[in-house]
Number of protein chains: 2
Amino acid sequence: MSQPLTRPKVRDAEATKARLLQAGTEEFAAHGIAGARIDRIEAAANANRALIYSYFGSKDQLFDAVMDANVARVLDEVPFKPEDLPGYAGRLFDFLVANPHLLRLATWHRLERADTGHEPQGLRASVRMKTESIARAQAGRRLTSGFTPEDVYAFTMALASAWMEASPYAPAALSEDQLDARRSAVVEAVRRLTTPTKEETS
Amino acid sequence: MSQPLTRPKVRDAEATKARLLQAGTEEFAAHGIAGARIDRIEAAANANRALIYSYFGSKDQLFDAVMDANVARVLDEVPFKPEDLPGYAGRLFDFLVANPHLLRLATWHRLERADTGHEPQGLRASVRMKTESIARAQAGRRLTSGFTPEDVYAFTMALASAWMEASPYAPAALSEDQLDARRSAVVEAVRRLTTPTKEETS
DNA sequence: ACCTACCATATAACTGGTTATTTAGTGCAA
DNA sequence: TTGCACTAAATAACCAGTTATATGGTAGGT
């Protein structure tokens, strides 16, 4: 995770970009855009600061690149299946437990960057795909029609990240059992929200 | 909301502190701690910057004071009743729609200040009171025992703020009708989560 | 194989504007 | 005249971004 980032023996622009993205991910997740320090990224990436400007353009643009890379990673690693929203919530919960800094990163983006209109690459398309497949599942009576597809999506996301948002104090000090219990609660909550009511199935 | 803050004719330290807290609330909600600028607070509060240091101590301590004041306000304005969690979620939703900057403020606190151990005055006590009264309601079979009191609380909070977290883009452009629909969805979601299941009531 | 000119990669030092915080004081009111 | 509210100006550190320079790999000529 936070091993020192080592340079390859040969010069390699791609590898340097990757180190800068990795160091930027950690720095931005910890301190946000305004709080991030170029010299810390420089040191952590084991690369010169001027390369940030030649490869990415500016601090803000490095943040955008960091977001793009990590959004792509989440979309890749947490598959979405509209017929199993509780399972999706559980997998998302697992991912956030394993990568709490990425939730912080997304939050910083919302606070500091969303109003600039710069959205992470692929995010909007992915959300549209998800809500549309939720709509299809609703039409097929496989999940409740009591909420709009956007509601279902927003609630699922909110429940999966509820615990990380709610407990800023001592978030890491959780036993395996406690973690399992919370995961089950999230899955069960999404199940209660999304299973069709009796009237809907009749 | 953002009228220029005017000074009284006579010198009045309390009034100046109040202006600094108000200006600080808006500045910190907009930019966070690292992004906030003392000179903007000074200008918006119509007060000299040195007063910030003599009354509050530092930029960080001004932020803490701002948090304390606004947490007190929320606790005061959004009454909690464990027997009506859906209603509580609805009122919280209303409050957040009316004061979106306070959700931002709380989020900045989580990101920038929570790990310092400085909690807003009264928050921990209030959360304990809420979870304990949820536990009593569960014991009295008035709400589901399928979740721990902490789960119930975290989920309720998450659902009430789900929409604000989920839609950073064009959050203000919502018609009255759309807002009502979202509110209803939140209330219904909390109702589905918290009403006892058939087995529980039998 | 060897040379060499070229260019992308990389670096250290610098610049100029910004920013939190302090200081030394002014003036009002009791 | 004492203490408090308030102010303007100074200070010292900080920090994003730039520049001038060095270095290593390599394509192409001999």
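Below, read A as the first sequence line, B as the second, and so on, with proteins coming before strands; counting in each chain starts at 1.
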remark   = Sorted by chain and residue number, the side chain to side chain contact (heavy atoms under 4.5 Å, CB included) partners of A:Gln61 (sequence neighbours excluded) come out as A:Ser58

request  = Round to a whole Å and report the spacing from CD1 of A:Ile41 to C1' of D:dG17.
outcome  = 13 Å

note = In terms of heavy-atom contacts, A:Leu193 and B:Arg192 come closest through O-NH1, 3.3 Å

ask   = NA contact type, B:Thr16, heavy-atom cut-off 4.0 Å: base, sugar-phosphate, or nothing?
value = sugar-phosphate

inquiry  = Over all strands shown, is A:Ala36 touching base, sugar-phosphate only, or nothing at heavy-atom distances under 4.0 angstrom?
reply    = sugar-phosphate

key: Atom pair distance, as rounded to whole Å: CD1 in A:Ile33 and P in D:dG17   = 11 Å

request  = Measure the distance from CG on A:Leu5 to P on C:dA10 and round it to the nearest whole Å.
outcome  = 14 Å

query = In whole angstroms, how far is the C1' atom of D:dA22 from the CG atom of A:Leu51?
reply = 13 Å

query = Starting at the 5' end of DNA chain C and moving along, which residue's nearest nucleotide shows up first, B:Val10 or B:Ile38?
reply = B:Ile38

query = Taking CG from B:Asp39 and P from C:dA20, how many angstroms apart are they, rounded to a whole number?
reply = 7 Å

message = Any donor-acceptor pair, under 3.5 Å, between the side chain of A:Asn48 and the base of C:dA12, if you only look at N and O atoms?
response = yes

ask   = So which heavy atom on B:Arg110 is nearest to which on A:Arg104, and how close?
value = O-NH1, 4.2 Å

Rounded interatomic separation in angstrom, taking NZ from B:Lys17 and C1' from D:dC6 = 14 Å

request  = Consider the side chain of A:Ser58, meaning its heavy atoms from C-beta on, and name the nucleotide among C:dT21, D:dG17, D:dC6 that approaches it most closely.
outcome  = D:dG17

query = Side-chain N or O of A:Tyr53 less than 4.0 angstrom from OP1 or OP2 on D:dT19?
reply = no

From D:dA22, C:dA20, D:dC6, nucleotide with atom closest to B:Arg11 side chain = D:dC6

request  = Specify the separation, in whole Å, of atom CZ of A:Phe56 and atom P of C:dT9.
outcome  = 12 Å

ask   = Hey, are B:Arg7 and B:Asp12 close enough for a salt bridge, meaning a charged N less than 4.0 Å from a carboxylate O?
value = no

query = Any side-chain N or O of A:Arg49 under 4.0 Å from OP1/OP2 of D:dA16?
reply = no

message = Pair B:Val152, B:Gln138 - check side chain to side chain contact (heavy atoms under 4.5 Å, CB included), show working.
response = CA-CA 10 Å; B:Val152 171; B:Gln138 287 178 320; 3.9 Å; yes

query = How close or far is atom P of C:dT19 from atom NZ of B:Lys59, stated in whole angstroms?
reply = 9 Å

query = Do B:Arg37 and C:dT18 share a donor-acceptor pair, side chain to base, under 3.5 Å?
reply = no

